[in-house]
Amino acid sequence: MDLGVGGFSEEQFREACAELQQPALSGADWELLVETFGISIYRLLDQQTGLYEYKVFGVLEDCSPDLLADVYVDLDYRKQWDQYVKELYEKECNGEAVVYWQVKYPFPMSNRDRRELDPEGQKIHVILAQSTPVPQFPEKSGVIRVKQYKQSLAIQSDGKRGSKVFMYYFDNPGGQIPSWLVNWAAKNGVPNFLKDMTKACQNYHKKT
């Protein structure tokens with residue numbers, strides 16, 4: 001598999017685009033978890049960890065794709081609107097952009113890559129992130145390092161003023177946190193995050 005900058009393959013970007021167009025929920029026990037704000041959230045149990053993978057589909061109204069992508073990757077602005085951020089910054093390590101991200105419960109360093117694809121003449125923003133070991137970021141005392149984290153996000157116009165969105169998400173915070181508590185936090189945290197991000201889009205022009 002040909003891996004590009006950040007350790008992501010062209011196939012991974014294409015898969016996110018494909019899922020945006022046609023949700024891949026068959027062939028596995030994906031279950032509908034919640035519908036809110038025009039978004040449907042599905043989950044799939046990971047038998048090994050007892051935690052869930054999540055897929056999010058839907059439309060965020062009044063958030064254009066360009067605006068939504070900019071808000072998502074603007075780390076300085078994210079510190080203002082994302083209630084889960086404790087420490088967040090980007091640093092170049094071995095020629096790659098690496099993000100250190102500490103939230104109210106521990107989070108990983110992650111490789112991140114962003115591309116704009118144009119399948120069949122439709123512009124799609126794709127942002128991929130995954131945890132990665134980086135010696136330049138030693139573990140901190142009292143903070144548990146997340147070693148399993150994956151996220152993909154695909155965004156395109158809904159044909160109006162909003163954005164059609166697909167997001168895949170999985171993380172294992174490690175430590176002694178019970179799996180039921182992690183799953184409960186994810187169930188409640190994802191809708192809250194989407195609500196906060198929509199509001200952040202509305203206020204972004206005031207920042208710039």
Side-chain angles (χ1 to χ4, degrees), residues 4 6 8-28 30-44 52-85 99 101 110 112-130 149-171 186-208:
F8 300 106
S9 68
E10 184 67 26
E11 181 182 358
Q12 287 175 287
F13 285 95
R14 296 293 174 183
E15 286 176 352
C17 283
E19 191 113 18
L20 179 66
Q21 305 302 325
Q22 183 61 50
L25 298 169
S26 60
W30 288 97
E31 61 174 313
L32 179 63
L33 177 63
V34 65
E35 290 182 314
T36 181
F37 306 117
I39 295 289
S40 298
I41 303 174
Y42 293 82
R43 69 179 183 179
L44 176 67
Y52 285 94
E53 303 171 66
Y54 294 89
K55 288 184 177 182
V56 180
F57 304 92
V59 172
L60 296 180
E61 298 181 353
D62 298 322
C63 294
S64 71
D66 289 346
L67 174 61
L68 185 57
D70 286 344
V71 167
Y72 191 83
V73 300
D74 188 330
L75 300 187
D76 288 335
Y77 184 49
R78 188 150 187 166
K79 295 173 189 177
Q80 300 176 33
W81 66 265
D82 191 338
Q83 60 181 301
Y84 302 105
V85 169
V99 175
W101 199 325
S110 62
R112 185 177 66 182
D113 199 1
R114 172 184 177 181
R115 295 188 191 178
E116 294 179 8
L117 306 182
D118 193 26
E120 301 180 357
Q122 298 186 51
K123 180 179 176 182
I124 299 178
H125 295 270
V126 179
I127 302 167
L128 302 179
Q130 63 186 9
Y149 164 74
K150 295 182 292 182
Q151 186 173 34
S152 58
L153 176 68
I155 310 165
Q156 75 173 130
S157 172
D158 69 344
K160 302 175 184 178
R161 298 175 55 188
S163 295
K164 182 180 178 182
V165 174
F166 160 71
M167 184 174 72
Y168 168 85
Y169 175 82
F170 174 80
D171 86 277
K187 177 182 178 180
N188 292 274
V190 172
N192 288 337
F193 170 77
L194 294 171
K195 182 178 180 180
D196 290 345
M197 187 164 61
T198 300
K199 186 176 180 179
C201 287
Q202 297 169 352
N203 294 328
Y204 195 58
H205 69 280
K206 299 177 183 179
K207 166 190 172 292
T208 57

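Please read all numbers here as calculations on a predicted model, not as lab measurements. Reckoned from all heavy atoms, side chains included, excluding hydrogens, waters and symmetry mates.
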- Message: Run N203 and Y77 through side-chain contact (heavy atoms from CB on, under 4.5 Å) and show every step you take.
- Response: CA-CA 10 Å; N203 294 328; Y77 184 49; 3.6 Å; yes
- Task: Could you tell me whether K164 and D158 have a side-chain N and a carboxylate O separated by less than 4.0 Å?
- Result: no
- State, yes or no, whether a side-chain contact exists between D66 and K123 at a heavy-atom distance under 4.5 Å. yes
- Item | Side-chain heavy atoms of Q21 within contact of F166, under 4.5 Å | no
- Message: Checking the side chain of E19 only, and the main-chain atoms of A24 only, is there a donor and an acceptor separated by less than 3.5 Å?
- Response: yes
- Message: Working note: Y204 + D74, criterion side-chain contact (heavy atoms from CB on, under 4.5 Å); need CA distance, chi angles, decisive distance, verdict.
- Response: CA-CA 10 Å; Y204 195 58; D74 188 330; 2.7 Å; yes
- Query: Y42 vs F57 aromatic rings, parallel, tilted or perpendicular, using cut-offs 30° and 60°?
  - Reply: perpendicular
- Task: Drop me the distance from L68's CG to Q156's CD, to the nearest 0.5 angstrom.
- Result: 12.5 Å
- What is the minimum heavy-atom distance between S157 and P65, and which atoms define it? N-CG, 3.2 Å
- Query: Of the non-hydrogen atoms in S40 and L32, which two are nearest, and what is the gap between them?
  - Reply: CB-CD1, 4.0 Å
- So CG of L194 and CE of M197: to nearest 0.5 Å the spacing works out to 5.5 Å
- Item | Reported CD-to-NZ distance for the pair Q12 and K150, which is rounded to 0.5 angstrom | 9.0 Å
- Note on the structure: Note: L128 and S152 closest approach over all heavy atoms is CD2-CB, 3.3 Å
- Task: Could you tell me whether the side chain of D196 reaches within less than 4.5 Å of the side chain of D82, counting heavy atoms only?
- Result: no
- Is there a donor-acceptor pair under 3.5 Å between the side chain of S163 and the backbone N or O of C63? yes
- Message: Using side-chain contact (heavy atoms from CB on, under 4.5 Å), reason through K55 and W30 one step at a time and then give a plain yes or no.
- Response: CA-CA 9 Å; K55 288 184 177 182; W30 288 97; 3.3 Å; yes
- Kindly compute the distance separating CG (L20) from NE2 (H125), expressed to the nearest 0.5 Å. 11.5 Å
- Task: Could you tell me which residues satisfy ring-ring contact (aromatic ring centres under 6.0 Å, His included) with F193, sequence neighbours excluded, listed by chain and number?
- Result: W81
- Query: Name the one of Q151, R43, E53 that satisfies side chain to side chain contact (heavy atoms under 4.5 Å, CB included) with F170?
  - Reply: E53
- Item | Results of salt bridge (charged side-chain N to carboxylate O under 4.0 Å, His left out) for E61 - residues two or more places apart only | none
- CG/L60 to NZ/K195 distance, rounded to the nearest 0.5 angstrom? 13.5 Å
- Task: Could you tell me whether the side chain of Y54 reaches within less than 4.5 Å of the side chain of I41, counting heavy atoms only?
- Result: yes
- Query: Any side-chain heavy-atom pair from L25 and L44 closer than 4.5 angstrom?
  - Reply: no
- Which atom of C17 lies closest to which atom of I124, heavy atoms considered: SG-CG2, 3.9 Å
